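A quick write-up on the structure given underneath.
What you are looking at is a predicted structure, and each value in this text was computed from that prediction instead of being measured.
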Amino acid sequence: MAKGKDTRLISQNKKAFFDYFIEETIQAGLSLFGTEVKSMRAGRCNLKESYIVFENGEAFISGMHISPYEFGNIYNKDPIRKRRLLLHKSQINKLRGAVTRDGYTVVPLKVYLVGSLMKIDIALAKGKKQYDKRDDLAKKAQRRESEKDFKVRNL
């Protein structure tokens with residue numbers, strides 16, 4: 001996230017950290033309409049089943065659900081339409097190359113507000129196997145147990 005400016009988290013994709021090894025994160029802008037921005041400021045956004053696609057040299061996020069704005073009437077757009085990501089051409093080429101060549105995927109991590117701008121963090125990620133997920137769960141349980149023991153000893 002950007003430092004020095006007022007930031008507010010809108011939505012986060014926690015499942016991405018469980019399903020993928022995150023290699024690199026990139027901050028991108030979102031191309032949105034007015035009613036979508038108002039709805040997102042109210043926290044009505046869901047990243048759970050969204051993904052990034054590349055078409056005609058541009059990056060798009062597909063499957064991101066932004067609920068229709070209550071007072072938007074005819075100006076509301078389709079809640080799950082494709083939205084363009086604002087990235088530099090070199091960033092798009094790098095991500096598209098890694099996806100096609102190296103077996104990586106690009107997943108959205110979180111959407112947040114920086115000042116008056118809506119930003120999204122996307123990540124270059126590699127999929128986890130089932131045994132990797134089990135290892136992560138075991139490490140998490142072990143960390144929780146050690147924190148609990150530490151807390152009990154220091155009372």
Side-chain angles (χ1 to χ4, degrees), residues 1-130 132-133 135-137 139-140 143-144 147:
M1 283 199 220
K3 293 179 181 165
K5 288 191 175 181
D6 183 30
T7 60
R8 193 180 93 201
L9 185 66
I10 304 295
S11 179
Q12 190 170 8
N13 187 1
K14 293 180 183 178
K15 189 93 166 128
F17 291 99
F18 183 71
D19 289 338
Y20 300 100
F21 291 115
I22 305 299
E23 301 285 326
E24 179 183 353
T25 61
I26 297 173
Q27 181 186 53
L30 275 169
S31 179
L32 299 170
F33 287 97
T35 54
E36 291 175 325
V37 173
K38 289 181 179 187
S39 183
M40 287 182 77
R41 282 179 187 266
R44 302 181 48 136
C45 174
N46 190 355
L47 285 176
K48 274 191 182 161
E49 297 188 9
S50 59
Y51 55 96
I52 310 296
V53 294
F54 300 99
E55 294 175 2
N56 301 327
E58 294 182 313
F60 294 92
I61 183 165
S62 188
M64 181 171 80
H65 187 275
I66 299 175
S67 298
Y69 184 57
E70 300 166 353
F71 308 109
N73 57 37
I74 63 168
Y75 300 109
N76 283 329
K77 300 292 179 186
D78 182 27
I80 53 172
R81 71 178 183 88
K82 282 198 285 189
R83 293 162 181 92
R84 193 166 63 117
L85 296 177
L86 306 175
L87 290 166
H88 292 285
K89 191 64 79 176
S90 60
Q91 291 174 323
I92 293 172
N93 291 337
K94 177 183 173 187
L95 291 172
R96 188 174 55 209
V99 167
T100 57
R101 198 170 358 100
D102 301 332
Y104 284 92
T105 187
V106 181
V107 294
L109 297 178
K110 57 185 157 187
V111 176
Y112 52 94
L113 194 63
V114 178
S116 63
L117 303 174
M118 205 59 71
K119 299 287 184 177
I120 184 168
D121 277 354
I122 58 175
L124 188 61
K126 196 151 190 99
K128 286 185 182 179
K129 304 287 186 214
Q130 187 64 35
D132 293 327
K133 294 177 187 178
D135 288 345
D136 282 352
L137 288 174
K139 287 177 186 175
K140 193 174 182 181
R143 183 177 49 82
R144 265 196 226 127
E147 288 174 356

What I'd like to find out is whether the side chain of [X] reaches to under 4.5 Å of the side chain of [Y], using heavy atoms alone.
X      : Y     : answer
Leu109 : Phe17 : yes
Thr100 : Phe54 : no
Met118 : Arg83 : no

Can any side-chain N or O of [X] pair as donor or acceptor with the backbone N or O of [Y] at less than 3.5 Å?
X     : Y     : value
Arg8  : Arg41 : yes
Lys15 : Glu49 : no
Ser39 : Ser67 : yes

**Item:** Test side chain to side chain contact (heavy atoms under 4.5 Å, CB included) applied to Phe18 and Leu137, step by step
**Value:** CA-CA 9 Å; Phe18 183 71; Leu137 288 174; 3.9 Å; yes

**Item:** Lys/Arg-Asp/Glu bridge criterion (N-O < 4.0 Å) met for Glu58, Arg84
**Value:**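 Salt bridge between Glu58 and Arg84, a charged N being under 4.0 Å from a carboxylate O: yes.
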
**Prompt:** Is there a side chain to side chain contact (heavy atoms under 4.5 Å, CB included) between Ile122 and Ile61 once you walk through the steps?
**Reply:** CA-CA 10 Å; Ile122 58 175; Ile61 183 165; 6.0 Å; no

Separation of [Y] [atom2] from [X] [atom1] (nearest 0.5 Å):
X      : Y      : atom1 : atom2 : answer
Ile52  : Ile120 : CD1   : CD1   : 5.5 Å
Leu124 : Glu24  : CG    : CD    : 6.0 Å
Lys128 : Lys133 : NZ    : NZ    : 8.5 Å
Lys48  : Lys14  : NZ    : NZ    : 9.5 Å
Asp121 : Tyr112 : CG    : OH    : 3.5 Å
Lys110 : Gln27  : NZ    : CD    : 10.0 Å

**Asked** Taking it one step at a time, do Lys94 and Ile26 satisfy side chain to side chain contact (heavy atoms under 4.5 Å, CB included)?
**Response** CA-CA 11 Å; Lys94 177 183 173 187; Ile26 297 173; 5.6 Å; no

Considering all heavy atoms of both residues, which atom of [X] and which atom of [Y] are nearest to each other, and what is their separation?
X      : Y      : result
Val107 : Ala125 : CG2-CB, 4.1 Å
Arg96  : Gly57  : NH1-CA, 3.6 Å
Lys119 : Gly29  : CD-CA, 4.2 Å
Asn13  : Leu47  : ND2-O, 3.8 Å
Ser50  : Gly63  : CB-C, 3.8 Å

**Request:** Under the side chain to side chain contact (heavy atoms under 4.5 Å, CB included) rule, what do Glu36 and Arg81 come out as? Steps first, then yes or no, please.
**Result:** CA-CA 11 Å; Glu36 291 175 325; Arg81 71 178 183 88; 2.8 Å; yes

**Request:** Using a cut-off of 6.0 Å, state whether more than 12 heavy atoms not belonging to Lys140 lie near its atom NZ.
**Result:**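 Check fails, neighbour count at 12 or below.
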
**Asked** Just wondering, more than 12 heavy atoms not from Phe21 lying within 6.0 Å of its CZ?
**Response**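 Yes.
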
